[in-house]
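Below you'll find the structure, written out as structure tokens, and then a few comments.
Each chain gets a letter, A, B and so on, in the order the sequences are listed, and its residues count up from 1. The figures here come from the full heavy-atom set of this structure, side chains too, leaving out hydrogens, waters and symmetry mates.
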2 protein chains.
Amino acid sequence: MSDVARAAGVSSATVSYVLSGKRPVSAETRRAVEAAIEELGFRLNTVARSLRTGRSTLIALVVPDIANPFYAQLAHGLQETLRPGGFHVAICNTGARLADERAFLDEAVRQRLAGVVITPFRLAPEDFDVLASASVPVVVSADLPFGDHDLVTPAADGAVRAALEHVAETGRRRIGVIAGPRDAAGGDPRLERIRAQAPAFGLRLPDALVVHGEHTRDAGAEGFGRLMRHRNPPEAVLCANDVAAVGALERAEQLGLRVPQDVALVGHDDIEFASIVRPRLSTIRYPAEEVGRACARLLAERLEGRSERSTVEIGARYIKRASV
Amino acid sequence: MSDVARAAGVSSATVSYVLSGKRPVSAETRRAVEAAIEELGFRLNTVARSLRTGRSTLIALVVPDIANPFYAQLAHGLQETLRPGGFHVAICNTGARLADERAFLDEAVRQRLAGVVITPFRLAPEDFDVLASASVPVVVSADLPFGDHDLVTPAADGAVRAALEHVAETGRRRIGVIAGPRDAAGGDPRLERIRAQAPAFGLRLPDALVVHGEHTRDAGAEGFGRLMRHRNPPEAVLCANDVAAVGALERAEQLGLRVPQDVALVGHDDIEFASIVRPRLSTIRYPAEEVGRACARLLAERLEGRSERSTVEIGARYIKRASV
């Protein structure tokens, strides 16, 4: 730190203020310090910081369902990126329950954790005030902006277009969607993307063919069953995630329906399941490891003093396999 | 607490000593207090306890590989049992690295966590001394006793017998094993159970047909490939876990080998994967949720004052599906 101070021609305290954001610093001073940091390749010594600030080196990753392999992969990307910096990741599974989501935020403050990476499920942005007031940095991984937090989010319009185009090319006209829960925070952007783009490909998505459920195998099976009991069932079903799609595939087998001959199926995420099931699942790949790495980078930047909000878009793409 | 003290005819302090184990209490007094607790249905008020002792209400679940759904299920059982008591579970993924295993134990002490549930992978029992000296209770989930810690462990002899019997009944004589890593703490009890029981069913397991690897899909694929390249390959392959078995199954498909016609395959654990793959995997079911619940009960007993060591055996059983 003293090297940085010397190079920037300021005191160590000023460098510390720039890094911690605890006191205002003039734009000019900030630039000088940042340039010196850049030049010297200064990297936060996390252990020293932990001792100085009494902060933990633990990062909480708060997720709705650790049984969904997407989050295990995200955790891996996060962990591998933060590990060389001396941080460890603790995965907090909320079971998509609001009370548990809140409890983990409280714990993060009480334990003075180094940071929180979260996929909020039923939380509202104001639930995060407790973290802001304790200066615990937060990175959100979600399909939509959440309050004014740093965000890692999919750029999925092109992937959804490609999936719908493939469905239309194979002659389907009437589609259904197994969407997320009705009361999810921020609505259901995956559903909305499909709804917005379907007409351009001559695809119809009647309201009656949109079913909601938790993002689980059981909910996927149940939702698929409901769609196929409709007097005019869909010719293709798009699912909000692969776990639900696997449930749908199993229910199809139970009902004696062949995929894709009788009904096409598209997943979302491209977790391991997607290429293990038969037929292999066509899906919209949202690369969980890369999402985790991006979350790690945003959090590291915050710990190193960045104070402006930042958003990273991760490209999703359609993976054509055997279920359409 | 005062109700318990009154019913037992002792002071509140004595009740506290019985619960915390901090001071010795006569066997008679302990029994009286325990009976009173039983009678009054007294349950530890964890929040009050946390405030009083400065301890967190967080429990660390330390596992080698959260990408293995076995541990996500174990986490679920643990969490659901501890939640009503006001505890939350933080999952710590070590990636089977000794340095990370140690780091999480250190964090548990530094953060004054309420307890640790762990599947040690490369740790030695003496690595746990740091927890004992900080009075952080530990429950171990493992195939073998580990130091003198509370233990949840499989009773799997019968299940292994049933699997080997099925393999022998279908005419196989020469078997191979995809075992865990060579340097795993405590050896490889899953391999040893098979080795010990195979001869009784007329099955031969040559040393050359035992391959070691991490418990991953890639390692399973690689190990299976090595076994099948042997000039005299096995007629049945038993795997140390289902994740490795799924990798083996995929490699079989790539090699043009039919399962079970050309080679039989047996997994271990019965994670979701096992019934999702085709052919469905015959496997030794070790019920992860139940393991998690047992870990939770042992930990709760420790938090409520039990000081003697306790071991819980969870029955494993062979699930006959389509891969043998």
Is any side-chain N of the basic residue among A:E101 and A:R122 closer than 4.0 Å to the acidic one's carboxylate O?
-> no

So, do B:L249 and B:S323 sit near enough that their side-chain heavy atoms are less than 4.5 Å apart?
-> no

With only heavy atoms counted, which part of A:Q73 is less than 4.5 Å from chain B, the side chain, the backbone, both or neither?
-> neither

Among side-chain atoms of A:H76 and A:E289, is any donor-acceptor pair under 3.5 angstrom?
-> yes

Region of B:V246 in contact with chain A, defined by heavy-atom distances below 4.5 Å | side chain

Looking at side-chain heavy atoms only, is the closest gap between A:V140 and A:T119 below 4.5 Å?
-> no

Which residues from residues 92-100 of chain B are near chain A, with near meaning under 4.5 Å between non-hydrogen atoms?
-> B:C92, B:N93, B:R97, B:D100

Pair A:E80 + A:R293, salt bridge at N-O below 4.0 Å | no

What residues of residues 264-284 of chain B sit under 4.5 Å from chain A when you count only heavy atoms?
-> B:E272, B:F273, B:S275, B:I276, B:V277, B:R278, B:R280

Is the shortest heavy-atom distance from the side chain of A:Q111 to the side chain of A:L58 under 4.5 Å?
-> no

Would you call A:E214 and A:F121 a side-chain contact if the rule is heavy atoms closer than 4.5 Å?
-> yes

Quick one: does A:V237's side chain get under 4.5 Å of A:L227's, heavy atoms only?
-> yes

For each of A:H88, A:R83, A:E250, tally heavy-atom pairs with chain B at distances under 4.5 Å, and name the one with the top tally.
-> A:R83

Let me know which of A:I118, A:V291, A:L61, A:V62 forms a side chain to side chain contact (heavy atoms under 4.5 Å, CB included) with A:S141.
-> A:V291

Any side-chain heavy-atom pair from B:L298 and B:V152 closer than 4.5 angstrom?
-> yes

Proximity breakdown for B:L113 and chain A, heavy-atom pairs closer than 4.5 Å = side chain

Tell me, side chain or backbone of B:Y71 under 4.5 Å from chain A's heavy atoms, or both, or neither?
-> neither

Report yes if the side chains of A:L257 and A:M228 come closer than 4.5 Å at any heavy-atom pair, otherwise no.
-> yes

Side-chain heavy atoms of A:R321 within contact of A:I319, under 4.5 Å = yes

